[in-house]
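Just so you know, residue 1 is the first one in the sequence shown, and it goes up from there.
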Amino acid sequence: MKFTRNAQAQWKGSGKEGKGTLTTGSGVLDKTSYSFNTRFKDGEKGTNPEELVGAAHAGCFAMQLSFLLGEDGFTPKSLDIDATVTFEDGEVTVINLDLEGDIPDIDAEQFQQIAHKAKEVCPISKLLKADIQLKVALKK
């Protein structure tokens, strides 16, 4: 299967004082604002590349894991992934994926194995050169 997706960015002004917008082909993001402050400071409304990478990675990983669980006969009730992207000295250095799954009839060891395989084969994981760390837990 081959397909393409599209997004646009527009930036106006200098790196520190300027502002930009992001738009996705699907329309989910439509001139969504981003700026130096939304990237490097807290409190201003808008997004930033790192949280978008985190959302993309969490979403891709969840879908990949669901497929792999299905191949082994498991259907998750829920997969909750929190992706924390660390930006340090001009690069993304670590992505922590914190996974909690509610999967009937699976044992913790099998869930660990399938989750780690999903991390390795997830297309966004393969794309990123950062150290991708994964924490796995079953809902109690």
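Cluster annotation: L127 and I95 are assigned to the same hydrophobic cluster (Ile/Leu/Val/Met/Phe/Trp/Tyr, side-chain heavy-atom contacts under 4.5 Å, transitive). W11 and V53 fall into different hydrophobic clusters, where Ile, Leu, Val, Met, Phe, Trp and Tyr residues are linked whenever their side-chain heavy atoms come under 4.5 Å apart, directly or through other members. By the criterion of side-chain heavy atoms lying less than 4.5 angstrom apart, applied directly or through intervening Ile, Leu, Val, Met, Phe, Trp or Tyr residues, L99 is not grouped with M63; the two fall into different hydrophobic clusters. Hydrophobic clustering of Ile, Leu, Val, Met, Phe, Trp and Tyr side chains at less than 4.5 Å, counting indirect connections, keeps I81 apart from V94.
Between E50 and V92 the shortest heavy-atom distance is CG-CG2, 4.2 Å. Of all non-hydrogen atoms in P76 and F74, the two that sit nearest each other are CD-O, 3.9 Å. Closest approach of L97 to A83, counting heavy atoms only: CD2-CB, 3.7 Å. Of all the heavy atoms in A62 and L79, the pair that sits closest is O-CD1, 3.6 Å. Summarising the geometry of V28 relative to T24, their closest heavy-atom pair is N-OG1, 3.3 Å, with the distance given to 0.1 Å. A115 approaches L65 most closely through the heavy-atom pair CA-CD1, 3.7 Å.
Within the 4.5 Å cutoff, the side chain of D89 has no heavy atoms near those of the E91 side chain. You'll find the side chain of V85 stays beyond 4.5 Å of the side chain of E51, heavy atoms only. The side-chain heavy atoms of H116 and L134, taken from C-beta on, include a pair separated by under 4.5 Å. Contact of the I114 side chain with the I106 side chain is registered, since non-hydrogen atoms from C-beta on lie closer than 4.5 Å. Within the 4.5 Å cutoff, no side-chain heavy atoms of D105 are placed close to those of I103. Side-chain contact between Q113 and F111 is absent, with no heavy-atom pair separated by less than 4.5 Å. Using a 4.5 Å heavy-atom cutoff, the side chains of K19 and K12 are not in contact. L22 is not listed as a side-chain neighbour of D30, based on a closest heavy-atom distance of 4.5 Å or more.
Atom CG of L69 is separated from atom CD of Q110 by 8.5 Å, given to the nearest 0.5 angstrom. Distance check: S66 OG to E71 CD gives 10.5 Å after rounding to the nearest 0.5 Å. Separating the CG atom in L68 from the NZ atom in K119 is a distance of 14.0 Å, to the nearest 0.5 Å. For the atom pair CG (N48) and OG1 (T32), the distance works out to 12.0 Å, reported to the nearest 0.5 Å. Summarising the geometry, atom NZ belonging to K126 is positioned 11.5 Å from atom CD1 belonging to I132; distances are rounded to the nearest 0.5 Å. Note that the NZ atom of K135 and the CG atom of D82 stand 9.5 Å from one another [nearest 0.5 Å].
The backbone N or O of E109 lies less than 3.5 Å from a partner atom in the side chain of D107, making a donor-acceptor pair. For the pair N6 (side chain) and G25 (backbone), a donor-acceptor distance under 3.5 Å is absent. In this structure a side-chain-to-backbone donor-acceptor pair under 3.5 Å is missing from T47 to Y34. Remark: the backbone N or O of S33 is not paired with any side-chain donor or acceptor of T21 at under 3.5 angstrom. With K41 contributing its side chain and F36 its backbone, the two residues share no donor-acceptor pair below 3.5 Å.
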Could you walk me through whether Q64 and S125 pass the side-chain contact (heavy atoms from CB on, under 4.5 Å) test, one step at a time? CA-CA 11 Å; Q64 181 67 64; S125 291; over 6 Å; no

Is there a side-chain contact (heavy atoms from CB on, under 4.5 Å) between V136 and E100? Walk through the geometry before answering. CA-CA 6 Å; V136 179; E100 185 176 61; over 6 Å; no

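When only modelled atom types and interatomic distance are considered, S35 and E44 share a side-chain donor-acceptor pair under 3.5 Å.
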